[in-house]
Amino acid sequence: MTQQKTSITRRSFLKSSALAGGGLMISFTWLSAFSPADTKNAPDVNENWMEINGYIKITPDNIIKILNPNPEFGQNVMTSLPMIVAEELEADWQKVVVEMGPHDSVKLGPQFTGGSNSVRMYWKPLREAGAAARHVLMEAAAQTWGVPVEEVTTKAGMLYHERSGKSGTYGSFASKAAAIPIPKEVKLKEVKNFNVVRSSRKNVEGLKIVSGKPLFGLDYQQPGMLIAMIEHPPAFGMKLKSFDAAEALKLPGIKDVFSQKLYEDGFEQGGFDTRSFNDLLVVVGNTTWEVMKARKKLKVQWEPAGDTKDTMGGRGGKREVLVPGELESTDAQLRKMQEYAAKPAQQLRKDGDPETAFKNAAQVIERTYNAPFLAHNCLEPMNFFAHVTDEKALLVGPLQAPGWTEPTLSKVLNLPADKIEIRMTRMGGGFGRRAYGHYLTEAALISKKVKAPVKLVYTREDDMTYGIYRPMYTATYRAALDANKNLIAFHVKGGGIPEHAIHANRFPAGAVDNYLAEGWQIPSNITIGAFRAPRSNFNAAAEQSFLDELAEAMGKDPIDFRLDLLKRAKENPVGKNNEYDADRYAQVLKLVQEKSGWNKAENKKYSRGVAAYFCHNSYAAHVVDMVMRDGQPYVERVVSAIDCGIVINPDAATNMVQGAVVDGIGNALYGALTHKNGAAEQTNFYNYRMIRMHEAPQKIDVHFVQSDTDPTGLGEPPFPPVFGAVANALYQVAGKRFYQQPFSLQLNSLGVL
Amino acid sequence: MIKLTINQKKHQVDVDPDTPLLWVLRDTLGLVGTKYGCGVAQCGACVVHLNGEAVRSCVTKVSRAAGQKVVTIEGLAARADHPLQKAWLELDVAQCGYCQSGQIMSAAVLLKENKNPTDADIDAAMAGNICRCGTYLRIRDAIRLAAEMQRNPSKG
């Protein structure tokens, strides 16, 4: 963040230029579009992201092309980001053509899909780009017509001068507008005048999706392209010892079998260079099936890797990290977590005097929650196309964070960044998994070795057993009540493999006089990565279940109890650095209370669970309505209330929340990746249970808080509280609390599932 | 050489007869609308029609399709205007979109055999198709809408 040029003037930030074939191009520099506060919160991608341009092209025949800068993995940015440009441009949405931008951190910004940040970080720059383009078009029309620019108006891609009755399309003024300097300041529209943003627009790639057009990385093909696969060790803690490929090489279509190191010894890994295995056993052939068959003919010896060291670079500075060699099993991991939980931990936050409060308490409630590793299970497995020569590299495929991967490729391939071209395809899901670009680097090294264009393909089994999982978590919550059943102290001690999930400054921090948050972690060779709302996806399950149990012990309604705490946090907050806005938090709870008919008699037929959570700058609350169906608990209906500021594309946003709810129900009930002697015990969808159609609710009603606040995240925030709401509804169904995810295991033991 | 009829077009492919139809479609013929998700008939991303029946092309040997009629998502309707495709667009079903061609192909067989499916019929027919993004509610709604369009074409 040291190279920010916040003094860039507005004039240098927006540039207009003529297109070769006539027409206008507006480009803008990223940084000056940020306020200092925004840059502080923007993701720290790399040194190259400081100066970034995006563009709008308008052709003389009035086609407006908008480049989507950010990778698309289903969050619908191919539609929502161009909508923001079109709004300020006053473009005719029907005439807008959207294209995915290439990786170009200088012109197109951070290009990072993650942290629910796509809309948030591009909101202001894209508005300004649209507004600037509109302004120069108006100037061009004013000059042509000889009228004051103040009298020129725009609507749906047309320019008008009402008094003289003149009008023209944007396209007809595009070439002239290209010569007009961009104004120092652009005026943005008032929220109340929005007519593209806040109105539902269809996915611009919808037709391609339903007609099976090539969109995804796995669909990418080039003449002469080979297929490569990697045989990775059968367990974490193992490595390649030797292999005999004689039989495999005899099979038709097989070109080569070789081993290849991914990173050289001492390679300084950045935060997204995570990889589970460094020795790659590679099979290359003509077609996917030929390679799959050849893999079965490999004779491979694996051996324990023992303790190893990784060299980590990045923000923390260069350091060596020990990777333990143990072949881990889930049972042993759980025992180890219990041992660690009993030891002193790192204090993360302390308010008041929790020790004394707990000592003097009339009642102490203590509960422990556990959750397993989760595999992302993107339906499109990891894959990437690479064509690497001595001079340059072309990479095409699904990737969330090209800006993080490119420096790694540059180092590994020993090519300057400007010789590396990364094109992002639509992703068949991401959920955090595709922020980790090891598979690009693998593909690139394989292409370099075989001197041919190559598509690296992971099978489902490769993908599921590779690692980069949601961590395994535990947390013990304690609450102290006085004789009048008032909450006087709150304590959370969280741990995990290899990290804990605790966000010490989130609710209910700030709402309780005596508060203590602690964390501990156990190193492991099982790799982890961001998984839809990292850490929050466990916290919201554990904390929101605990608050539900606490409310019951205190004789309070679970929503009223939370609202009481939030009132305290608002009126007389405890401590500093409370991350959440108590009003907005309370508002989603009140909205879900109202919309779900929380206290209405007609809803007594449901076993109801409520939960709310704040993460990624947005607020979400759900009421889960469960019934018994065919002897099993079934989530029949969910009511959701969300505050993510301005909603760009309401129907698509609703879709995303509905998806997050289904995803949450599925993972809460069924999601688990367990290990035995280092090997993943789930390898494909027959032993990793995914939620299916008949298990999805009949109805998910999504309500957004009406807001004029700048938009914040939506991909992640609705997901975490689903877990808590499901746990709380299950309690109503089963009469027992659910502390261990996935909840289906406990339901099995209760004989109801 | 194996003779195939895919989307009413004849092809001859020189592949191992054990090759799953999926990989012949994708790698040999470049018809990539049919997706790979699991390879073991668990996710439904690879569903195609073989003589009008929904089959998992990832576990269907190409030899089984020889001389038979295969329809893929690319050939479901000439102008991508099958009621299901229209309904999918009308309700903006997709998120990432990867599973949707398999979902549509499964649903197409359901609608051919059952003009007015109940929710339970839909749930049963679609249980073999995973949507990782969780668009199941919209898929259900889109199948209902497509059924209505099919019964009453003026609604389309």
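Values below: every heavy atom of this structure, side chains too, minus hydrogens, waters and symmetry copies.
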Asker: Do you know which of Ala120(B), Ala94(B), Gly30(B), Ser101(B) has the most heavy-atom pairs with chain A at a distance under 4.5 angstrom?
Answerer: Ala94(B)
Asker: Do the non-hydrogen side-chain atoms of Glu461(A) and Val40(B) ever get within less than 4.5 Å of each other?
Answerer: yes
Asker: Could you walk me through whether Lys293(A) and Asp16(B) pass the side chain to side chain contact (heavy atoms under 4.5 Å, CB included) check?
Answerer: CA-CA 11 Å; Lys293(A) 277 180 85 170; Asp16(B) 181 339; 2.5 Å; yes
Asker: Just verifying a value: how many Å separate Cys58(B) SG and Arg460(A) CZ, rounded to the nearest 0.5 Å?
Answerer: 11.5 Å
Asker: Given heavy-atom pairs under 4.5 angstrom as the criterion, report whether the side chain, backbone, both or neither of Gln221(A) touches chain B.
Answerer: side chain
Asker: Do other residues, nucleotides or ligands put more than 12 heavy atoms under 6.0 Å from Lys69(B) NZ?
Answerer: no
Asker: How far apart are the closest heavy atoms of Gly97(B) and Phe216(A), and which atoms are they?
Answerer: C-CZ, 3.7 Å
Asker: When heavy-atom pairs shorter than 4.5 Å are enumerated against chain B, which of Pro697(A), Gly429(A), Gly430(A) gives the highest number?
Answerer: Pro697(A)
Asker: Supply the atom-to-atom distance Arg138(B) CZ to Asn655(A) CG, rounded to the nearest 0.5 angstrom.
Answerer: 4.0 Å
Asker: Which region of Leu31(B), side chain (C-beta onward) or backbone (N, CA, C, O), has a non-hydrogen atom less than 4.5 Å from a non-hydrogen atom of chain A, or is it both or neither?
Answerer: neither
Asker: Name the region of Asp141(B), side chain, backbone, both or neither, that has any atom closer than 4.5 Å to a heavy atom of chain A.
Answerer: neither
Asker: For Arg26(B), which atoms come within 4.5 Å of any heavy atom of chain A: side chain, backbone, both, or neither?
Answerer: both
Asker: Picking from His82(B), Gln103(B), Glu74(B), which has the most non-hydrogen pairs under 4.5 angstrom with chain A?
Answerer: Glu74(B)
Asker: For the pair Gln100(B) and Val210(A), evaluate side chain to side chain contact (heavy atoms under 4.5 Å, CB included) and give the outcome as yes or no after the intermediate values.
Answerer: CA-CA 7 Å; Gln100(B) 301 295 354; Val210(A) 302; 5.5 Å; no
Asker: What's the shortest heavy-atom distance between Ala80(B) and Leu207(A), and which atoms?
Answerer: CB-CD1, 4.1 Å
Asker: Can you tell me which of Ile209(A), Asp219(A), Thr459(A) forms the most heavy-atom pairs within a distance under 4.5 Å of chain B?
Answerer: Asp219(A)
Asker: Heavy-atom pairs under 4.5 Å with chain B are the metric here; pick the option from Lys699(A), Gln698(A), Lys208(A) that has the most.
Answerer: Gln698(A)
Asker: Using a 3.5 Å distance criterion without hydrogens, assess whether the side chain of Arg140(B) forms a donor-acceptor pair with backbone atoms of His694(A).
Answerer: no
Asker: Looking at Pro20(B), Ala77(B), Gly39(B), which makes the most heavy-atom pairs under 4.5 Å with chain A?
Answerer: Pro20(B)
Asker: Working to the nearest 0.5 angstrom, can you tell me the gap between Phe431(A) CZ and Cys96(B) SG?
Answerer: 6.5 Å
Asker: Please look at Thr654(A) and chain B and tell me whether the side chain, the backbone, both or neither of the residue comes under 4.5 angstrom of a heavy atom of that chain.
Answerer: both
Asker: With rounding to the nearest 0.5 angstrom, report the CD1 to CG distance, Ile130(B) to Leu379(A).
Answerer: 6.5 Å
Asker: Considering only heavy atoms from C-beta outward, does the side chain of Leu22(B) approach that of Trp289(A) to under 4.5 Å?
Answerer: no
Asker: Among Asp651(A), Asn286(A), Thr287(A), single out the residue with the greatest number of heavy-atom pairs under 4.5 Å to chain B.
Answerer: Asp651(A)
Asker: A cation-pi test, strictly: NZ or CZ of Arg692(A) under 6.0 Å from the centre of the six-membered ring of Tyr136(B) and no more than 45 degrees from its axis. Yes or no?
Answerer: no
Asker: For Met292(A), which atoms come within 4.5 Å of any heavy atom of chain B: side chain, backbone, both, or neither?
Answerer: side chain
Asker: Which one wins on heavy-atom pair count under 4.5 Å against chain B: His376(A), Met427(A), Arg532(A), Lys455(A)?
Answerer: His376(A)
Asker: Relative to chain B, which segment of Tyr688(A) carries a heavy atom at a distance below 4.5 Å: side chain, backbone, both, or neither?
Answerer: neither
Asker: Which atom pair, heavy atoms only, marks the closest approach of Asn684(A) to Cys38(B)?
Answerer: ND2-O, 3.0 Å
Asker: Could you tell me whether the side chain of Lys35(B) reaches within less than 4.5 Å of the side chain of Leu218(A), counting heavy atoms only?
Answerer: no
Asker: Given Arg132(B), which of Val662(A), Asn377(A), Ile691(A) fulfils the side chain to side chain contact (heavy atoms under 4.5 Å, CB included) condition?
Answerer: Asn377(A)
Asker: What part of Leu89(B) lies closer than 4.5 angstrom to a heavy atom of chain A: side chain, backbone, both or neither?
Answerer: both
Asker: Rounded to the nearest 0.5 Å, how far does SG of Cys133(B) lie from CD of Gln75(A)?
Answerer: 10.0 Å
Asker: Counting heavy-atom pairs closer than 4.5 Å to chain B, which one of Ile700(A), Ile665(A), Thr288(A), Leu215(A) comes out on top?
Answerer: Thr288(A)
Asker: Assess whether atom NZ of Lys3(B) is packed by more than 12 heavy atoms of other residues, nucleotides or ligands within 6.0 Å.
Answerer: no
Asker: Can you confirm whether more than 12 heavy atoms, excluding those of Gln12(B), are under 6.0 Å from its CD atom?
Answerer: yes
Asker: What part of Val93(B) gets within 4.5 angstrom of chain A, counting heavy atoms only: side chain, backbone, both, or neither?
Answerer: backbone
Asker: Can we say Asp92(B) and Arg201(A) salt-bridge, meaning some charged N sits less than 4.0 Å from an Asp/Glu carboxylate O?
Answerer: no
